[in-house]
Amino acid sequence: MLINFSETTANERYHLMAGAITPRPIAWIMTQGEVLNIAPFSYFTPISSTPPTLIVSIGHRVDGTPKDTLRNLREHKKCVISIVDEEHFEAMHLSSKGLEANESELERFNISIEKVLNDFPPMPKGVKVALFGEYLQEVNLEGSPTIPVIIEIKHLYIDETIISDREKIKFELESIARVGRGYAKLSSKLTPPLIP
């Protein structure tokens, strides 16, 4: 089967891409606005290590206004992106619910937080890996309802309990990913053959 994307709807393309591009990591993004806001995004990936940057696509609300995360990034420039593990899975999923700008997911879903850096929003308590980033720029996709945002990583937080080698900074993280419309843990590893 060969699918011509010019003959599909935006909704069909979303589900086809979400099913084909797996697994997709989840960026659980904390920003400061009228209140602290946290929301998950699965159109997210690193793009460069020099400068250290990642990209996340943020949609708009049904009424066409920017989602809180995008508005907060434009106004305040800073965010904390947590990588979701099983301990935070339920809270992350609940935080995807659209709330009013003056209502915080943290209070609504009882998400505890901790402050790590004074100049950045807090992160969910107990998160094992978090990226502290600054809004760098947006990518203009003509006619798109989503805005790809490039964020420069300023700091990386790693919980001491998952570090296996402090000298080489090796760590093991069992993160949750989006797979199609659902979620999964990637628990088995493959060892590649030696390249001759």
Side-chain angles (χ1 to χ4, degrees), residues 1-31 33 37-75 77 79-86 88-101 105 129-131 133-153 173-190 192-193 195:
M1 174 183 283
L2 183 63
I3 299 168
N4 184 341
F5 268 26
S6 67
E7 297 171 357
T8 58
T9 66
N11 188 52
E12 288 170 337
R13 288 191 296 274
Y14 170 80
H15 290 298
L16 288 165
M17 290 172 67
I21 303 168
T22 62
R24 298 188 320 280
I26 301 166
W28 199 22
I29 305 180
M30 180 94 68
T31 56
N37 173 270
I38 191 165
F41 299 88
S42 66
Y43 271 37
F44 153 67
T45 195
I47 54 174
S48 176
S49 52
T50 307
T53 45
L54 53 86
I55 193 163
V56 58
S57 289
I58 304 172
H60 283 76
R61 293 177 179 271
V62 177
D63 65 4
T65 59
K67 285 190 174 179
D68 296 338
T69 302
L70 180 58
R71 190 186 65 252
N72 294 344
L73 280 169
R74 286 171 170 168
E75 290 177 15
K77 309 299 184 198
C79 66
V80 177
I81 300 173
S82 297
I83 305 302
V84 180
D85 57 10
E86 192 168 7
H88 296 88
F89 170 65
E90 185 177 324
M92 175 277 298
H93 182 68
L94 291 171
S95 72
S96 66
K97 180 176 177 61
L99 302 178
E100 295 299 320
E105 293 81 4
V129 173
L131 305 133
E134 292 182 359
Y135 172 100
L136 190 62
Q137 68 185 72
E138 294 178 17
V139 178
N140 181 19
L141 288 180
E142 190 109 5
S144 175
T146 59
I147 307 292
V149 179
I150 298 175
I151 294 169
E152 184 172 359
I153 302 164
L173 176 66
E174 185 72 32
S175 57
I176 303 287
R178 287 304 302 259
V179 178
R181 296 181 188 190
Y183 299 95
K185 287 193 310 182
L186 307 177
S187 44
S188 63
K189 296 183 179 179
L190 300 176
I195 299 173

* Could you give me the CA-CA distance, side-chain angles and deciding distance for Phe89 and Lys185, then say whether side chain to side chain contact (heavy atoms under 4.5 Å, CB included) is met? => CA-CA 10 Å; Phe89 170 65; Lys185 287 193 310 182; over 6 Å; no
* Asked: After noting the C-alpha distance and the side-chain angles of Ile81 and Phe41, does the key distance pass the side chain to side chain contact (heavy atoms under 4.5 Å, CB included) rule?
  -> CA-CA 10 Å; Ile81 300 173; Phe41 299 88; over 6 Å; no
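Applying the salt bridge (Lys or Arg N to Asp or Glu O under 4.0 Å) rule to pairs touching residues 2-25 yields nothing, sequence neighbours excluded. Residue pairs satisfying the salt bridge (Lys or Arg N to Asp or Glu O under 4.0 Å) criterion with at least one member in residues 137-151, sequence neighbours excluded, are listed as follows: Arg74-Glu138.
A distance of 9.5 Å separates OG of Ser49 from CD1 of Ile153, quoted to the nearest 0.5 Å. Here the straight-line distance linking atom CD1 of Ile151 with atom OG1 of Thr53 works out to 10.0 Å at 0.5 Å rounding. Note that the CD atom of Glu134 and the CD atom of Glu152 stand 7.0 Å from one another [nearest 0.5 Å]. For the atom pair CD1 (Ile150) and CG (Leu73), the distance works out to 12.5 Å, reported to the nearest 0.5 Å. To the nearest 0.5 Å, atoms NZ (Lys67) and OG1 (Thr31) are separated by 12.5 Å. Taking CG from Leu141 and OG1 from Thr146, the interatomic distance works out to 6.0 Å, rounded to the nearest 0.5 Å.
Not a single side-chain hydrogen bond (donor to acceptor under 3.5 Å, both in side chains) links Ser175 to another residue, sequence neighbours left out. Looking at residues two or more places apart in sequence or on another chain, you find a ring-ring contact (aromatic ring centres under 6.0 Å, His included) between His93 and Tyr183. Arg178 pairs by the salt bridge (Lys or Arg N to Asp or Glu O under 4.0 Å) definition with nothing, not counting sequence neighbours. Partners of Pro40 under the side-chain contact (heavy atoms from CB on, under 4.5 Å) rule, at least two apart in sequence or in another chain, are Ile26, Trp28, Met92, Ser95, Ser96.
Of all the heavy atoms in Asn72 and Gly33, the pair that sits closest is OD1-CA, 3.2 Å. Between Cys79 and Ile29, the shortest heavy-atom contact is CB-CG2, 3.9 Å.
Residues Met30 and Ile38 are in side-chain contact: their nearest non-hydrogen atoms beyond the backbone lie under 4.5 Å apart. Leu131 has its side chain within reach of Ile83: a pair of non-hydrogen atoms, C-beta onward, lies under 4.5 Å apart. Counting heavy atoms from C-beta on, the side chains of Lys97 and Glu105 never come closer than 4.5 Å.
Side-chain contact, Asn4 with Ser6: a donor N or O sits under 3.5 Å from an acceptor N or O.
The closest donor-acceptor contact from the side chain of Ser82 to the backbone of Val84 lies at 3.5 Å or more, if one exists at all. Using modelled atom types, one side-chain atom of Asp85 and one backbone atom of His88 make a donor-acceptor pair closer than 3.5 Å.
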